[in-house]
Each structure stands twice: as C-alpha cells, then as structure tokens.
Amino acid sequence: AKMAAAASDLLTGWCLFGLALLVILIFCWVYVRKYQSRRESEVISTITAIFALAVALITSALLPVDIFLVSYMKNQNGTFKVWADANVSRQIEDTVLYGYYTLYSIILFCVFLWIPFVYFYYEEKEEDDGNTCSQVKTALKYTLGFITICAVLLLIGAFVPLDIPNKKNSTEWEKVKLLFEEFGSSHGLTALSFSISSLTVIGMLAAITYTAYGMSALPLNLIKGTTSASYERLENTEDIEEVEQHLLRIKSKCRDGRPLSSRDRRTLQQLEERLRTLRRRERHLESIEKSWWTKFCEAIRPLKVVWGVFFIIVALLFTVSLFLSNLDKALHSAGFDSGFIILGTNLTNPLNMLLPVLQRVFPLDYILITTIVMYFIFTSMAGIRNMGIWFFWIRLYKIRRGKTRPQALLFLCMILLLIVLHTSYMIYSLAPQYVIYGSQKYLVQVRFIVATYNQLGNIFRSLLYVNVLFPFNLDQCIVTRTYLFLHKFWFFSAAYYFGNWAFIAVFLIGLIVSCCKGKKSVIEGEVDDDDSDMSDDELSVYYH
C-alpha cells in the first residue's frame, strides 16, 4: 500500500510537471508575441526566443524541485521513508542530476551556438539581401568564435585538477594520466561546472545591471501607476498647437519670396519632425483612451497597488537577507582564499529565520522559495524592458511592446539565461543549509564527537578544501544536486561575494531613483522620434 501511495505521488508529480511545462510554454509564446515587431518578425528567431525563454524558466524552477525531492524522502523524525531505500534515492538523485546536465548543456548550446548563429544570420540578412548560403556561411564564421570560447572553458574545467598531487618524482605521462582519470571519475561534472560558473559570473553582472534595478522599479511602478490618457492627450494637443504656431511664424518669413536662413531651415526641419512625433502620440493616446484594456487596468488599479506593496516587501526581505548573509561572510569566513565560504550562520537573516518556521506547514516553504526564484526572474525581465539592452554606455536595442526587433529578443533571452544561472547562488547565499538539505532532519549521535563550537568550525573549514560538508550526517542526509555545481572553484565564490555587495548598492540606488521619478507615461517608450508612421499599425492590435 505504501509503495502504491508512493507511485501515485510520483505520478501526480509528473502530471503537475507536465502541466507546469505547458503553462511555461504558453507564457513564453504570449510574451514573445507581445513584444516582437510584426513587420520584422521571423519564424526562426521567434521559435529560438520562445525556446530560450522556456529553458530559462524551467531551469529556474528546477531548484525548488530539487529541494523538495531530497526533503520528501525523509520523515519528520529524521528517518527515511519506507520506499526511499538506497536504490530509489540514488535513482531520484541521478534523475535530478541528469536534469541539471541536460538543462545546463542546453544553456551552453543556446548561449554559444544557437542564439549567436540566429543573431548573426539576421544581421547579415538586413545588410545583404543575397542568397541564403552566403548568410549562413557568414553567420557560422562569427559563431565559430563563440564555439571556440565554449571549447576552451570546457577544456580548462575538464583538465585542470582541483587537487594537485604531491609526488615530485611523477613523470609527465603520469600527470596526464591523472588528468584523464579525474575527468572520467567526475563524468564531466567539473568541466560543465567550470563552464557554467564562468557564465554565472557574466550572469552576475547582468543581475547587478538589470535585476537590481527591476526589483525597485517594478513594485514602485505598480504602486504609482501611470498618468491618465485623457490628461496626456490634453497636454499633447496643447503641444501640437504650440508647434504649429511656431511653424507658421517661420514660414511667414518667406512669403515675400525671401529664402530662409540656414538656422531657420534647421529649426523648421526639427519642428516638422517634432510635429510628426506629437501626432503619432495623439493617435496612440486616442487608441488607448478608447480601448477596453485601459478600462480594465483602471478597474484593477487597487489590485496593482497590493501587488506592488507585496513585491517591495519581497525585495526588501531579499536585500536585507543578502546584506546580513554577506556581512556574516565578511566577519566569520576564512577570507578571500576560501571564497568567503562559511558553514552555518552566525548572523541570522529574515529569510533564514522564516524558512524553518514555514517548514512546519507543507508546502509553505516551497511556495516561498519558488516565489523568490520567480520574482528574481520577472524583475529581471522588467529591468531589461525598462532599461533596454546596453553595451557599456551604448544602447543597442529597446524592448517595446509590439515593436521589438528579433535581435533584441534574442539578446533578452540570452541575458535571462545567464541571470538564471546566477539565481541558484543568490538563493544559496540567503539560506545555504536549506538549499543543500531542504527540510531534512537527522538523528543525532551524541557520543560520536566531543568538541567545542569553535573547534568544529575549524574542522569544517579545513574540510571545505576537499568539498566535504557536515561529515557527521552525510549517511543520514542527502544533499541537493545543485550543490554539486556550487563552490567547485573558490575564485568564483569570491567573485559572487563581491557581486552581492554590488547588487545591494545598485538596488538601493535604483530604489532612490524610482522613488524620485514621477508617474510613467501611459505610452512610455512606445513613441520615439525615430519611429516611422508604419509602426503605428503594430500597436493597434493591443488596443482594439
């Protein structure tokens, strides 16, 4: 009966997973179709963007599933469940590990091969309307550089040993043989971990740039709302009248046949461009004012305020917890050479306190950790949407509803893939023991070891260098598979530590800027001076 119940639970879990996968695919399709340009949309770029965005969301959802599975195999008294014998637990661990292998390999494939190829293919298509073979060859030539970088990262991770042998009289052949033995024993885990960690550092920079700003901008925009369409339309009408009067004054100077000066001609050209932009704004504002979507948004305005308050509370909880966690590392870790790694918590943080409390009522702790992960992803999307895509101080693309170019969508999905890789470490920084062990409990053997807390801390700190954690309960607790990809290389952990401080600083700056800014325009970013009149038809789909 117990085995049947376990099988039923697993079947239910797979059904829920399939349903979640379907929901993710539908969301990705709607999101990409909402923002892509109708005039420049292409089938391959659309499919690539939807696929990459789905992979990002599925990978982010794997961490809560990993934590749930290791916790589900044990009872509240610390003993394993009847069905969770050694073989079953090993099968579950291997399944989750293969899931990480698959998703991380797909991310490497997307970041280093598929997305660059599609991007360069459409760049060549815009510059050269020649045959398809020429475009494919040029795209492959540029993509080859990304493939080379990926190969170098995999080779470094595969053949650079973590533990250097002390044998001074070993031959070169023995050293090479050792490298291949280590590569075979780890089943490529170290190589994949090094490559993923390298991308995670880039994802950390993207999170500092976009996610930190999105965590402050998204809640405050929901709370403040947008300006009224009727009020903006009235102001826009006044601006149109003022520009038209100015144009008439300039044109009146040449009524008697006298030519305009060069200064007047430049002013006349600027005013005509300004008038075209204002008239496009007028058409958009008129469409928005009459649309049913605007009326619906006004009706749910109180709900948006509630969501905004909830999101800002989650952001503050996240930031305060991250600050206390980093402060704990600064005060109690072994320093830079160990990657600022600590065991346990000396300074508790709100999230670390909240998770053990929520563990008493299933499944509140999983709901919280899933909410934080999804919030991290959606605020990243909001940050990219508000800021656009930048390369240092140069803005490459804008993300606008119904007017986003295919290349911009590919960039957006690539950035999200990199940010997702950094999500696991961010959550680990907030609640390390929960991310590694979940809600597992173990039976304590008092006579096993007698030592003071400081002595235990020194023992554990020394064991970190051989990747051993909590040796006295490894036979009673199962670690999550995500831990196998964390802290393989101390220098990456050190980079993440400093990145967390930068993330907190950017969040605070973004919070101050968002508080000082007024309400956003109801057509924020939808009408620019460089838009053509044909682009007005692209947005009409959303307003009628």
Side-chain angles (χ1 to χ4, degrees), residues 16-63 65 99-100 102-126 132 135-136 139 143 146 199 202-203 206-207 210-211 214 370 373-389 396-423 538-539 541-542:
L16 292 175
F17 175 77
L19 180 62
L21 183 61
L22 179 62
V23 171
I24 287 174
L25 290 175
I26 293 175
F27 170 80
C28 294
W29 181 82
V30 172
Y31 186 86
V32 171
R33 295 292 294 173
K34 175 182 177 182
Y35 283 97
Q36 73 176 173
S37 172
R38 293 294 182 270
R39 291 188 297 114
E40 300 183 45
S41 62
E42 298 286 349
V43 176
I44 298 179
S45 64
T46 302
I47 293 175
T48 302
I50 293 174
F51 177 75
L53 186 59
V55 170
L57 294 177
I58 293 171
T59 305
S60 65
L62 193 57
L63 176 61
V65 173
Y100 276 110
T102 303
L103 290 173
Y104 284 165
S105 300
I106 291 174
I107 289 176
L108 290 178
F109 172 77
C110 290
V111 171
F112 287 109
L113 178 59
W114 185 240
I115 293 179
F117 173 77
V118 176
Y119 175 84
F120 289 119
Y121 175 80
Y122 283 106
E123 282 291 313
E124 283 298 311
K125 189 175 183 180
E126 289 184 355
T132 305
Q135 297 167 6
V136 171
T143 308
F146 287 85
L199 292 181
I202 304 176
Y210 296 108
T211 311
T370 304
V373 171
M374 291 295 105
Y375 179 72
F376 198 78
I377 300 302
F378 286 115
T379 51
S380 302
M381 297 167 73
I384 299 172
R385 186 174 64 248
N386 290 335
M387 295 179 61
I389 297 172
L396 299 179
Y397 299 104
K398 299 175 183 177
I399 307 297
R400 296 186 292 171
R401 183 170 50 184
K403 301 170 71 173
T404 305
R405 300 178 62 189
Q407 295 92 328
L409 283 175
L410 293 174
F411 257 110
L412 183 147
C413 294
M414 180 181 286
I415 292 172
L416 282 178
L417 285 172
L418 297 174
I419 290 176
V420 162
L421 295 177
H422 187 57
T423 304
E538 297 180 345
L539 286 174
V541 178
Y542 303 104

Is there a side-chain contact between [X] and [Y] in this structure, where contact means two heavy atoms from C-beta onward sitting under 4.5 Å apart?
{"X": "L113", "Y": "F146", "result": "no"}
{"X": "L199", "Y": "L108", "result": "yes"}
{"X": "F51", "Y": "C110", "result": "yes"}
{"X": "F411", "Y": "I384", "result": "no"}
{"X": "T404", "Y": "L412", "result": "no"}
{"X": "F117", "Y": "V136", "result": "yes"}
{"X": "S380", "Y": "L416", "result": "yes"}
{"X": "M374", "Y": "S60", "result": "yes"}

inquiry  = Below 30° counts as parallel, above 60° as perpendicular, anything between as tilted: where do the rings of Y119 and Y397 land?
reply    =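 Y119 vs Y397 ring planes: perpendicular.
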message = Angle between ring planes, F27 versus F378, binned at 30° and 60°: parallel, tilted or perpendicular?
response =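 Taking F378 first and then F27, their aromatic rings stand perpendicular (interplane angle over 60°).
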To check you understand the geometry: which heavy-atom pair defines the closest contact between [X] and [Y], and what is its length?
{"X": "L62", "Y": "G99", "result": "CD2-C, 4.1 Å"}
{"X": "C28", "Y": "L57", "result": "SG-CD1, 3.8 Å"}
{"X": "A52", "Y": "I115", "result": "CB-CD1, 4.0 Å"}
{"X": "A207", "Y": "H422", "result": "CB-CD2, 4.0 Å"}
{"X": "Y35", "Y": "I399", "result": "CD2-CG2, 4.0 Å"}

Nearest 0.5 Å, please: how far is [atom2] in [Y] from [atom1] in [X]?
{"X": "R405", "Y": "Y122", "atom1": "CZ", "atom2": "OH", "result": "13.0 Å"}
{"X": "L53", "Y": "L25", "atom1": "CG", "atom2": "CG", "result": "10.0 Å"}
{"X": "T211", "Y": "I377", "atom1": "OG1", "atom2": "CD1", "result": "7.5 Å"}
{"X": "I106", "Y": "W114", "atom1": "CD1", "atom2": "CH2", "result": "13.5 Å"}
{"X": "Y210", "Y": "I419", "atom1": "OH", "atom2": "CD1", "result": "8.5 Å"}
{"X": "Y31", "Y": "I50", "atom1": "OH", "atom2": "CD1", "result": "13.0 Å"}

query = Can you name the ring pair (Phe, Tyr, Trp, His ring centres under 6.0 Å) partners of F109, sequence neighbours left out?
reply =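 Ring pair (Phe, Tyr, Trp, His ring centres under 6.0 Å) list for F109, sorted by chain: empty.
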task = Given side-chain contact (heavy atoms from CB on, under 4.5 Å), test L417 with L421 step by step and report yes or no.
result = CA-CA 7 Å; L417 285 172; L421 295 177; over 6 Å; no
